[in-house]
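Inspection log for the structure reproduced underneath, given as structure tokens.
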Amino acid sequence: MDVKIIDVAAIAGVSPATVSRVINQHSKVSTKTKDKVMRAIEQLGYHPNAAAKNLRSQRTMTIGVIVPDINNAYYAEIIKGIENIAYARHYKVIICDAHNLKEREVEYLNLLLDRTIDGVIIITPLLADEELFQLADKGYRIGIVGKYVEHDQIPCIYTDNVKFSQEVVQHLVEAGHQDIVFLNGYPEAIDSYERLEGYLKALRNHEIPFRPELIENGNFNEEGGYEAIKRLFDKGLSFTAVYAANDEMALGVYKACTEYGIRIPEQLAIVGVDNNRISKYIHPTLSSVNQPKYTMGAILMEKIIDMMNTNEFQDKRVFKVDSELLIRASSSFQRPK
């Protein structure tokens, strides 16, 4: 029988994180709790994973970073924040590109952990929370960028996708738009369904009927956004605005509008997310949601280093950072009522 740390926790009546602290001889666990956990370990015949224990006892001064798509400027800025803090703290960084594939994310994660590096940062993971929890419960050091996770040994930093999506739709409604396309990313990505949730909430708040035919999947890249909006154009659907779940897809919409002779913003308003550098230089300039990408990477790196060096967070584990809707020319045109 493959006994897991979660099984020990259930028998002892404590959290998996508490079991991990007992195994690793954490000083802040009470004697009573230690006794309960040790009795459960003996009862179940649990043997802590040796590789996981090595993560606590040996230091390689190396952090692995798994990124969904290294070509995406959003992720590149996060990595820059991670790397700069790592360099300042004398850590090395190994970067792995998962190509937006869960199986590749898992493959890289297993490879990195087998090499007993000090920790792994996963940017917007495709792994389910339960899978992340199992790794943390075994003593592996994991940090998450772009998603909230409920585990006291996993530091995370994220923005409120639902909130800023509502702000985007509200801006478009105030500019006179009712028929608003939503270009979504990968269905498995947390950003996809949270931004979709915000879009749907905003429609309800403004009593705008939901038109499912106005939602298309652009896979978070320029070509995907181009093909998605072309499908909508070719169907002859009526709409006056596009909310693209990232700037890469918004650029694809620009390309299609040029080919179809559609004027931005007079005939079609466009808003993206991420405030990539190019959004300020294309014509017309692209309205976009600015997220503090560099800061997110830097803060998370600081926290995971703190955790590895002291086994405690200096202040807190969860960080929710603010985003800002930057209104530029692509959505500033006021439609006549």
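All values reported here derive from a predicted model rather than from experimental measurement. Note: hydrogens, waters and symmetry copies are ignored here, and every other heavy atom, side chains too, is used.
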Are the side chain of [X] and the backbone N or O of [Y] linked by a donor-acceptor pair below 3.5 Å?
| X | Y | result |
| --- | --- | --- |
| Tyr243 | Val273 | no |
| Asn219 | Gly185 | no |
| Asp274 | Asn246 | no |

Is there a path of hydrophobic side-chain contacts, each under 4.5 Å between heavy atoms, that joins [X] and [Y]?
| X | Y | answer |
| --- | --- | --- |
| Val271 | Leu326 | no |
| Val67 | Leu126 | no |
| Tyr108 | Val106 | yes |
| Phe220 | Tyr193 | no |
| Tyr87 | Ile95 | no |

Passes salt bridge (charged side-chain N to carboxylate O under 4.0 Å, His left out), Glu77 versus Lys80? Steps please. CA-CA 5 Å; Glu77 281 295 307; Lys80 188 181 294 185; 3.4 Å; yes
Evaluate the side-chain proximity of [Y] to [X]: yes if any heavy-atom separation is below 4.5 Å, no if none is.
| X | Y | result |
| --- | --- | --- |
| Glu216 | Val181 | no |
| Ile78 | Leu300 | no |
| Glu213 | Lys235 | no |
| Asn184 | Tyr199 | no |
| Leu325 | Phe164 | no |
| Ile70 | Ile79 | yes |
| Glu131 | Gln134 | no |
| Glu302 | Arg89 | yes |

Locate the shortest heavy-atom distance separating Ser279 from Asn276; write the atom from each residue and the value. OG-O, 2.6 Å
Nearest non-hydrogen partners of Ala73 and Glu248, listed with the distance: N-OE2, 3.8 Å
With a 3.5 Å cut-off and no angle check, do the side chains of [X] and [Y] form a donor-acceptor pair?
| X | Y | answer |
| --- | --- | --- |
| Gln291 | Asn275 | no |
| Asp137 | His151 | yes |
| Arg317 | Gln153 | no |
| Thr60 | Asp118 | yes |
| Asn84 | Tyr294 | yes |
| Glu174 | Gln170 | yes |
| Tyr260 | Asp234 | yes |

Distance in Å, [X] [atom1] paired with [Y] [atom2], rounded so as to fall on 0.5 Å steps:
| X | Y | atom1 | atom2 | result |
| --- | --- | --- | --- | --- |
| Leu183 | Leu214 | CG | CG | 10.0 Å |
| Tyr226 | Glu259 | OH | CD | 3.0 Å |
| Asp7 | Ile41 | CG | CD1 | 12.0 Å |
| Glu324 | Glu167 | CD | CD | 9.5 Å |
| Met296 | Lys293 | CE | NZ | 9.5 Å |
| Phe333 | Leu268 | CZ | CG | 12.0 Å |

Among Asp129, Asn161, Thr124, side-chain hydrogen bond (donor to acceptor under 3.5 Å, both in side chains) partner for Lys147: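 Filter result, single survivor: Asp129.
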Here's a test for you: under side-chain hydrogen bond (donor to acceptor under 3.5 Å, both in side chains), which of Ser331, Ser287, Ser332 qualifies with His171?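 Of Ser331, Ser287, Ser332, side-chain hydrogen bond (donor to acceptor under 3.5 Å, both in side chains) with His171 is met by Ser331 alone.
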For the pair Arg231 and Glu227, evaluate salt bridge (charged side-chain N to carboxylate O under 4.0 Å, His left out) and give the outcome as yes or no after the intermediate values. CA-CA 6 Å; Arg231 289 193 292 271; Glu227 294 295 342; 5.2 Å; no
Please say whether more than 12 non-hydrogen atoms of neighbouring residues, nucleotides or ligands are located less than 6.0 Å from NZ in Lys320.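 No - once you tally the heavy atoms of other residues, nucleotides and ligands closer than 6.0 Å, there are 12 at most.
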Are there more than 12 heavy atoms of other residues, nucleotides or ligands under 6.0 Å from atom CD1 of Ile327?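 Yes, the 6.0 Å shell around CD1 holds more than 12 heavy atoms from other groups.
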Ionic contact status for Asp35 with Lys32, cut-off 4.0 Å: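 Salt bridge: no.
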Asp179 and Arg211: CA distance, side-chain angles, deciding distance, salt bridge (charged side-chain N to carboxylate O under 4.0 Å, His left out) verdict: CA-CA 8 Å; Asp179 299 302; Arg211 295 174 58 193; 2.9 Å; yes
Quick check on side chain to side chain contact (heavy atoms under 4.5 Å, CB included): which of Ile144, Val321, Val318, Val145 does Tyr158 satisfy it with?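 When Ile144, Val321, Val318, Val145 are each tested with Tyr158, the side chain to side chain contact (heavy atoms under 4.5 Å, CB included) holds only for Val318.
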Steps toward side-chain contact (heavy atoms from CB on, under 4.5 Å) verdict (Leu200, Phe210): CA-CA 7 Å; Leu200 295 173; Phe210 169 51; 3.6 Å; yes
